[in-house]
Amino acid sequence: KNEVEQSPQNLTAQEGEFITINCSYSVGISALHWLQQHPGGGIVSLFMLSSGKKKHGRLIATINIQEKHSSLHITASHPRDSAVYICAVRSETSGSRLTFGEGTQLTVNP
Amino acid sequence: KAGVTQTPRYLIKTRGQQVTLSCSPISGHRSVSWYQQTPGQGLQFLFEYFSETQRNKGNFPGRFSGRQFSNSRSEMNVSTLELGDSALYLCASRRGSTLEQYFGPGTRLTVT
């Protein structure tokens, strides 16, 4: 079992829909990151969380440390949100090392 | 402020050759991490350098090595290339006092 599991692997939505991507992890962590990767490879860091909830524009990220679970929500989705979303954790014992989920391919159709 | 830059962006090499990739971090950032991304294994941590010292290393063979210079620029080297080394190699920098990382655009390496 991978240390970081994401679901779903693929997600297709219509423009305007509310989207949720889930991330579960099995180790104690010092931080969890949500990353966005567009075709071509560039990665953008969306959020870094160690507790609670963060919001940036239409994106919201939450984390439940006790349940070892995080969610990324996109409100009023738009075709430009189409990308791969990757969850990554920094474990308490691994220092600076990130362990990544397999990613969720999101396609938002107009 | 300029972002993280990586050179070259694309590279084609032959099995058995060696390759050196370069990463220039954001000004003021002293930590550089390297990652490999392949369709089969996803993103995997290679190593991190901070102030010219390797601080952490992933589970890769000794053919993968790196270094960091006094200006925080970093290079990674892969010797005796194998077909399986074909991947997108990403570097990311951070200030050192925070955990927030900023990624470069990556170098796409193809080994034939």
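In what follows, chains are A, B, ... by sequence order, proteins preceding strands, each numbered from 1. Owing to the predicted nature of the structure, the values given are computational and were not obtained by experimental measurement.
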message = side-chain contact (heavy atoms from CB on, under 4.5 Å), that's the test. Do Tyr35(B) and Ile43(A) meet it? Break it down for me.
response = CA-CA 12 Å; Tyr35(B) 302 92; Ile43(A) 289 181; over 6 Å; no

request  = Side chain from CB out, backbone as N, CA, C, O: work out which of these in Leu43(B) comes under 4.5 Å of a heavy atom of chain A, or both, or neither.
outcome  = both

key: Nearest heavy atoms of Leu98(A) and Phe45(B), plus distance in Å   = O-CB, 3.7 Å

inquiry  = Do Trp34(A) and Ile63(A) sit in one hydrophobic cluster, given that two such residues count as connected whenever their side-chain heavy atoms are within less than 4.5 Å of each other, even indirectly?
reply    = yes

query = So if you build clusters from Ile, Leu, Val, Met, Phe, Trp, Tyr with side-chain heavy-atom gaps below 4.5 Å, do Val32(B) and Leu88(B) land together?
reply = no

task = Please state whether the side chain, the backbone, both or neither of Arg90(A) comes within less than 4.5 Å of a heavy atom of chain B.
result = side chain

message = Between Gln37(A), His33(A), Glu102(A), who has the most heavy-atom pairs with chain B when the cutoff is under 4.5 Å?
response = Gln37(A)

query = Linking I/L/V/M/F/W/Y whenever their side-chain heavy atoms sit closer than 4.5 Å, directly or via other members, would Val108(A) and Val84(A) fall into one cluster?
reply = no

ask   = Should the heavy atoms of other residues, nucleotides or ligands under 6.0 Å from NZ of Lys57(B) be counted, would the total exceed 12?
value = yes

inquiry  = If you count heavy-atom pairs within less than 4.5 Å of chain A, which of Arg108(B), Gln41(B), Gln101(B) leads?
reply    = Gln101(B)

task = To the nearest 0.5 angstrom, please state how far the CZ atom of Arg97(A) sits from the CD atom of Gln44(B).
result = 9.0 Å

ask   = Just wondering, are more than 12 heavy atoms of other shown residues or ligands nearer than 6.0 Å to CZ in Arg9(B)?
value = yes

task = Establish whether Leu90(B) and Phe47(B) are linked, either directly or via other cluster members, by ILVMFWY side-chain heavy-atom contacts under 4.5 Å.
result = no

